[in-house]
Amino acid sequence: MVEKISLKSLEEREELLRKAGYNLFLIPAEAVFIDLLTDSGTGAMSDEQWSALMKGDESYANARSWFKFYEAVKEITGMEYVLPTHQGRAAENILFSEISRPGVIIPSNNHFDTTRANIEYFGGEAVDLVIEEGKDPKKIHPFKGNIDLNKLEDLLKKNSPNIPLCMCTITNNTGGGQPVSLENIRSASQLCHKYGVKFFLDACRFAENAYFIKKREKGYEKKEIAEIVKEMFSYADGATMSAKKDGLANIGGFLALRDEKTYQQLGNALILKEGFLTYGGLSGRDLEALAVGFKEVLDENYLETRVGQIEYFGEMLKENGVPILEPTGGHAVYLDALEAFSHIKREEFPAQSLTVALYKEGGIRGVEIGSLMFGKKDPDGNFVPSPMELVRLAVPRRVYTESHLRYVAEVAGSIIKQREKHRGFKIVYEPPFLRHFTVRLMAL
Ligand code: F0G
């Protein structure tokens, strides 16, 4: 699909920002020139996927399209029990509505924001245990998404009766789209099992993670992506997935399980919230496109181009003097706003200021992953910043070319050269959960 894009004038962009309360989620997509808000559901489907759409079987129960989807998910995860959902957070909601409650702790390398919100909404506590290297934007480590196994064991030793499961996010989106090694997945799973705790994958970007394992982990250089994927899932008792990423489609998700009893229990919640067991909020044609996407994403040539494009984007940003989180991850480049906008105080949201600057100066939309998204107040009302102040520039799959990304790198470079003219922000409205989606800000 080819889409027209256009750049609004500077005055129009400034007015749109004011109207949106400086929240980029509230800007009309039509007014965005290069949209790097997310890689979720924003990819272009292939010819094979478009033709599969025409074969959608829209029967309510046990449609032909469901069996194709089911076989594709089973092939990837090796799990017998699959609940289809309309997107990832619906799978999380169904899972945590049954197991999260006050007193329950759910560890992870880093929970994604919707995962954390679903756990907390039902009363549980979401704990992030990523390795120290994963919190330092400048530290080079091949698997910055790894879980800190010592911290995990400490938590399991003290609290295992209150931990129904541990999640592991592949790749670690919140920490920079960074991969988790197979060695770490295997060890975390073994630790959990030693303490009678289940091990789940948040598998949105499983294929990108597998590609990094092939390129960076000893012993996997000659393995097929599909084999690596199989081994990754072999250590998990279950998985949630937003198929809007490595499903290469615009909507979809699932919850996969090994155990029939949990499947039956969660299946009732699925029927109540999403739809019958064999469509879960998706149309037959969506299931068809996903079944094809799950196969296409395992193509190593595709993954090489995908991950290579992100790496190249990172190089161009660096050449333009823009500080980034290194090494680059699988789906996005993360700008380091703590360094780039060091003149802005943490409580005035430097990463949001850089996000706003990108739109104002170039019509580019990214997303803040810093204190606006994760900052908190302690019991005494003191501001507690997020560990990093990042701006994520997520690249949709199979959409933008190198020249689109060069434009972004050049705009970002010119912003850095005149950083002093950009100021911080103050919150004027915030909701109780997931505030970054609807927050409104005032320019200081
Ligand atoms: N887990 C991870 C690691 C994610 O990145 C996302 C979504 C979800 C779960 C939830 O899936 O959106 O289908 O409900 N991430 C998107 C993003 C929104 O922009 O990173 P969903």
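FYI, side chains are in, hydrogens and waters are out, and symmetry mates aren't considered; it's all heavy atoms of this structure. Numbering of ligands and ligand atoms starts at 1, following listing order.
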request  = Determine yes or no for a side-chain-to-main-chain donor-acceptor pair under 3.5 angstrom, with Asp246 supplying the side chain and Phe206 the backbone.
outcome  = yes

Got the closest protein heavy atom to [atom], with its distance?
atom: atom 12 (O) of ligand 1; value: Arg89 NH2, 2.8 Å
atom: atom 8 (C) of ligand 1; value: Phe112 CD2, 3.4 Å
atom: atom 10 (C) of ligand 1; value: Thr114 OG1, 3.4 Å
atom: atom 20 (O) of ligand 1; value: Arg392 NH1, 2.7 Å
atom: atom 21 (P) of ligand 1; value: Gln87 NE2, 3.3 Å
atom: atom 5 (O) of ligand 1; value: Asn173 ND2, 2.8 Å

At a 4.0 Å threshold, what atoms of ligand 1 neighbour a non-hydrogen atom of [X]?
X: Glu92; answer: 1 (N), 8 (C), 9 (C), 10 (C)
X: Ser242; answer: 11 (O), 13 (O), 21 (P)
X: Asp202; answer: 1 (N), 2 (C), 3 (C), 9 (C)
X: Gly88; answer: 11 (O), 13 (O), 14 (O), 21 (P)

Side-chain donor-acceptor pair under 3.5 Å between [X] and [Y], yes or no?
X: Glu231; Y: Tyr220; value: yes
X: Tyr429; Y: Asn23; value: no
X: Thr114; Y: Glu92; value: yes
X: Glu368; Y: His436; value: no
X: Asp237; Y: His193; value: yes
X: Ser65; Y: Lys68; value: no

ask   = Should the proximity of Arg116 to ligand 1, defined as any heavy atom under 4.0 Å, be assigned to the side chain, the backbone, both, or neither?
value = neither

task = Just let me know how Lys244 lines up against ligand 1, side chain, backbone, both or neither, with a heavy-atom cut-off below 4.0 Å.
result = side chain

inquiry  = Does any N or O of ligand 1 fall below 3.5 Å from an N or O anywhere on Thr115, backbone included?
reply    = no

query = Which pairs with one or both residues in residues 301-310 pass side chain to side chain donor-acceptor pair (under 3.5 Å), sequence neighbours excluded?
reply = Glu208-Arg306

ask   = Between Leu393 and Tyr334, does a side-chain contact (heavy atoms from CB on, under 4.5 Å) hold up when you go through it step by step?
value = CA-CA 6 Å; Leu393 301 179; Tyr334 293 63; over 6 Å; no

query = Relative to atom 15 (N) of ligand 1, which among His331, Lys245, His111 owns the nearest non-hydrogen atom?
reply = Lys245

ask   = Hey, looking at atom 3 (C) of ligand 1, which of Thr174, Val367, Thr169 has the closest heavy atom?
value = Thr169

task = Sequence neighbours left out, what passes ring pair (Phe, Tyr, Trp, His ring centres under 6.0 Å) with Phe212? Give chain and number order.
result = none

query = Would you say Gly253 touches ligand 1, if touching means a heavy atom closer than 4.0 Å?
reply = no

